[in-house]
2 protein chains.
Amino acid sequence: MAEAAGVAIKTVSRVLNNEPNVREETRQRVLAIVKKLNYHPSLSARSLAGRRSFLIGLIYENPSANYIVDVQHGAMARCREDRFQLLMHQVTGRGEEMERDVLGLVDQTHLDGLIVTAPLSESADLMRALDRRALPFVRVAPNDVAHPTPYVDMDDAGAAREMTEYLIGLGHRRIGFIIGHPDHFASGQRLLGYKAALAAHDIAYLERYVRQGFFVFESGMEAAKDLLSQNEPPTAIFASNDDMAAGVLMAAHELGINVPERLSVAGFDDTYIAKTVWPRLTTVHQPTYDLAYTATNLLLQMLQTGIAPQSMRLGYRLVCRASTAVVPK
Amino acid sequence: MAEAAGVAIKTVSRVLNNEPNVREETRQRVLAIVKKLNYHPSLSARSLAGRRSFLIGLIYENPSANYIVDVQHGAMARCREDRFQLLMHQVTGRGEEMERDVLGLVDQTHLDGLIVTAPLSESADLMRALDRRALPFVRVAPNDVAHPTPYVDMDDAGAAREMTEYLIGLGHRRIGFIIGHPDHFASGQRLLGYKAALAAHDIAYLERYVRQGFFVFESGMEAAKDLLSQNEPPTAIFASNDDMAAGVLMAAHELGINVPERLSVAGFDDTYIAKTVWPRLTTVHQPTYDLAYTATNLLLQMLQTGIAPQSMRLGYRLVCRASTAVVPK
DNA sequence: CTGAAAGCGCTTACAG
DNA sequence: CTGAAAGCGCTTACAG
């Protein structure tokens, strides 16, 4: 390759890495030969010599398929721009086993950086271990903001509060709430938003209208059946994600309760499922793709500059579809 | 590392690669130090010296999220067993642009092998280009079986025929069919199965009961509205995948047609969506995870032995849920 | 059964 | 602005 262009291998390296100090004419000549020969520098050789792998990892635990696919594509899109490759990694185990799994990945592949999704980002032990290895990482929301490393998130509490107020605005007073997985920081934030909205409208917070869910369909269905089986059941149910809200719809169908005529249902995330169930779900649009794209962007910036960029908060919006209506008389 | 164990670096290499000719005692000593020092050999150094990357690529075009996540996890699970890493890659463009995208990935990362999902596996040009690079690859079903490289698939035609016969068994005679994306070989196979079942039961194949879809929700919904708006509408609709079947349910809901009382609906794939819509979908269970796991297994075998293993066909099964019933009087 | 030498294809650090 | 030398951490091919 270098011989074909009549330059030293070092010059080719300079051109391909966009380094300065190459005459424009030389650059063009090299570029032409590169194209002609369809030359691609070897990733492994670059990695070994340059002590960087051009590999970014994205670790996740057990999220809903529609959510993780959005995350994946957002991160991939940003990686592609800088010719980085993205390594998706589903962690196994919990606690120490999870840590060993992640660190094994890091050590073996010599990742340049890591994107950590919730709730993995809430393991203080893992964060500490990553710090110890001096591995740059960015957390993708929603998660705990206490750690000093950069993150991208949205205002979960604010969004949940807005959704709850939207339901209150429709005249609902008995509003059920299904909490997300207890391991997720966001679950607590969304619950907080729900409570804040009630308080702001002088509606008492009643435990009997609140159930613990686990971010999965079945848990939403179970919780809804439980909520709806009591005297004075809620006239609206707000589930902490779309999968659980879809479960609420399923429960309503099975119980013969019409949505939204007799029961309003709201979700959170605005994943694919929200548009495919009937009636279509009113939900909070979480900019999942953008969150991942932005997180990757911050990570890449950090790798280039060596300094940690500012964390970012992205916007959300309510999406009102067919699963909510004014409270029945 | 080698010094700590008091052996040559080559011996460590032998132990870690499970090569023969190491005394058991030596092996144990090295293993102990490896564990103690938490030593992980550098992937890039191994790749450079050994001319292999321990990286497998999985390319896909634009499948439904639930499908690709199953594929991804199946392939990941098998990779993990042999300490290979999986690089997911969504191709951009079509035709020549798609080819350049894939070959760029291959050349840059020096993948050891590739898993090709449909409909990419149907591009003769791409297959030829991969062959020219002597890159081992396996195709994950469903796809065209003409090419000599190994693949894993299921009997799409047989499954579609069985499902159609199930509907016929329920008394349906006017059975609508929504074809899958025209780029997918499997789409034609499923149509063939539908036709075969009709023929076997002396039911005329009528074009007015057949519509072209594209494997996405909206296309199923549009097709169903069209099918149901005619005189003597079908009493059952069989969609070539679950996403489209969910679209059929949505259309039925919007038209006020009760499922399954007045209309039976069947899907194909048995992805997550089949269990979350109401009523739950009767569908063909496609062993997506196993298909991907098995494809990866064949690829890894091929890498080790250098010879192409036998292709495999995996089983399917009908899953009868709540969206189908006997024909209305 | 074990090891010393050469080399994989780049980048780093330096010289000119 | 350009290049020659050294070296990244392993594996290959060979010798003993």
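Between A:L314 and A:D153 the shortest side-chain heavy-atom distance does not fall below 4.5 Å. You'll find the side chain of B:F54 stays beyond 4.5 Å of the side chain of B:Q85, heavy atoms only.
Listed pair B:S13 / D:dC10 fails the phosphate criterion, with no side-chain N or O lying under 4.0 Å from OP1 or OP2. Phosphate proximity of C:dT11 to A:N17: present, with a side-chain N or O under 4.0 Å from OP1 or OP2. For B:T11 and C:dG3, the shortest distance from a side-chain N or O to OP1 or OP2 is below 4.0 Å.
Of the possible donor and acceptor atoms, one in the side chain of A:E122 sits under 3.5 Å from a partner among the backbone N and O of A:F185. Side-chain N or O atoms of A:D112 include one that pairs as donor or acceptor with a backbone N or O of A:S53 at under 3.5 Å.
Rounded to an integer number of Å, the gap from B:E25 CD to C:dC1 P is 12 Å. Remark: P of C:dC1 and CZ of B:R27 are 9 Å apart, rounded to the nearest angstrom. The interatomic distance linking A:N21 (CG) with C:dA15 (C1') rounds to 14 Å, in whole Å. Atom-to-atom, CG of B:N18 to P of D:dT11 comes out at 12 Å; the value is rounded to the nearest Å.
Of the candidates C:dT2, D:dC1, C:dG3, the closest approach to any side-chain atom of B:K10 belongs to C:dG3.
Nearest heavy atom pair, residue A:V152 against residue A:L291, reads CG1-CD2, 3.4 Å.
When both distances must be under 3.5 Å, the Watson-Crick or G-U wobble mate of D:dA13 does not exist. Base pairing analysis places C:dA4 opposite nothing; no Watson-Crick or G-U wobble pair with both distances below 3.5 Å involves it.
B:S47 comes within 4.0 angstrom of no nucleic acid atom, judged by non-hydrogen atoms across all strands.
A:H73 has its ring centre no less than 6.0 Å from the ring centre of A:Y289.
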Could you list the protein-to-nucleotides 6-9 of chain C atom pairs, N/O on both sides, closer than 3.5 Å?
| unit_1 | atom_1 | unit_2 | atom_2 | d |
| --- | --- | --- | --- | --- |
| C:dC8 | O2 | B:A49 | N | 3.3 |

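Place B:H40 and B:R14 on DNA chain D by their nearest nucleotides, and B:H40 ends up nearer the 5' end.
Using modelled atom types, one finds a donor on one side chain and an acceptor on the other under 3.5 Å when comparing B:Q72 with A:Q72.
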